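Note that the structure is a prediction, hence the values are computed from the model and not measured. In this chain, numbering begins with 1 at the start of the sequence shown.
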Amino acid sequence: MKKVIVVMLAFLALACGSGKDKSAKAPLFTILKQAGTGGAQIEFYEIITDGKEFELLKNDPELKRKINKSNIDQSTFVVLSAGEKPSGGYGITVVDVKESEKEVEVYVKKTEPSANAYLTMAITYPICIVQINSKKPLVFKDVE
């Protein structure tokens with residue numbers, strides 16, 4: 001009798017298993033790459049719209065395993081470059097993304113080293129590459 005109860009409890013536990021929630025929605029944005037170097041000499045925000053630009057992203061060793069060809073139809077990719085900086089400690093990132101009926105607001109934060117920080121004394125080029133799971137027009141907003 002005890003075996004029957006144990007088997008029934010085991011079956012019940014497996015039947016009510018913690019399967020994936022199929023209704024779960026993908027996050028609105030994902031930071032694919034963030035680094036203190038790898039950006040450009042000038043500050044810019046570039047929305048990847050062209051297939052050739054997308055291929056350049058896919059050729060990056062860090063990004064090739066994170067994105068695939070079908071992503072270009074469903075997502076927007078953005079490259080943020082903070083420009084040339086005189087030392088380490090600088091950065092650029094997306095802190096939030098909010099979607100409305102008409103557009104997507106992308107909140108960008110630029111960071112600088114504190115006055116008493118120990119820094120790498122080398123020219124750096126901070127970069128951030130973001131995947132936004134929407135095809136609506138983007139509006140960039142700087143935050144402090």
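- Residues Ser87 and Met121 approach most closely at CB-SD, 4.4 Å, considering heavy atoms.
- Under the 3.5 Å distance criterion, the side-chain polar atoms of Ser81 are matched with a main-chain donor or acceptor of Ala40.
- Under the 4.0 Å criterion applied to side-chain N and carboxylate O atoms, Lys141 and Glu105 are assigned as salt-bridge partners.
- Under the rule for a ring pair (Phe, Tyr, Trp, His ring centres under 6.0 Å), the partners of Phe77 that lie at least two apart in sequence or sit in another chain are Phe54.
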Under 3.5 Å donor-acceptor pairs involving side-chain atoms of residues 88-97, not counting sequence neighbours:
{"unit_1": "Thr93", "atom_1": "OG1", "unit_2": "Gln34", "atom_2": "OE1", "d": "3.2"}
{"unit_1": "Thr93", "atom_1": "OG1", "unit_2": "Gln34", "atom_2": "NE2", "d": "3.2"}

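- Tracing side-chain contacts under 4.5 Å through hydrophobic residues (I, L, V, M, F, W, Y), one never reaches Tyr125 starting from Ile127; they form parts of separate clusters.
- Residues Ser75 and Gln131 bring a donor and an acceptor atom of their side chains to less than 3.5 Å of each other.
- Contact record, Glu53 with Ile47: OE1-O, 4.2 Å, taken as the closest heavy-atom pair.
- With sequence neighbours excluded, no residue satisfies ring pair (Phe, Tyr, Trp, His ring centres under 6.0 Å) with Tyr107.
- Salt-bridge annotation for Lys109 and Glu144: absent, with no side-chain N of the basic residue lying under 4.0 Å from a carboxylate O of the acidic one.
- No side-chain heavy atom of Val130 sits less than 4.5 Å from a side-chain heavy atom of Leu32.
- Thr76 contributes a side-chain N or O that, together with a main-chain N or O of Ser134, makes up a donor-acceptor pair within less than 3.5 Å.
- When all heavy atoms of Ile31 and Cys128 are compared, the pair lying nearest together is CG2-SG, 4.0 Å.
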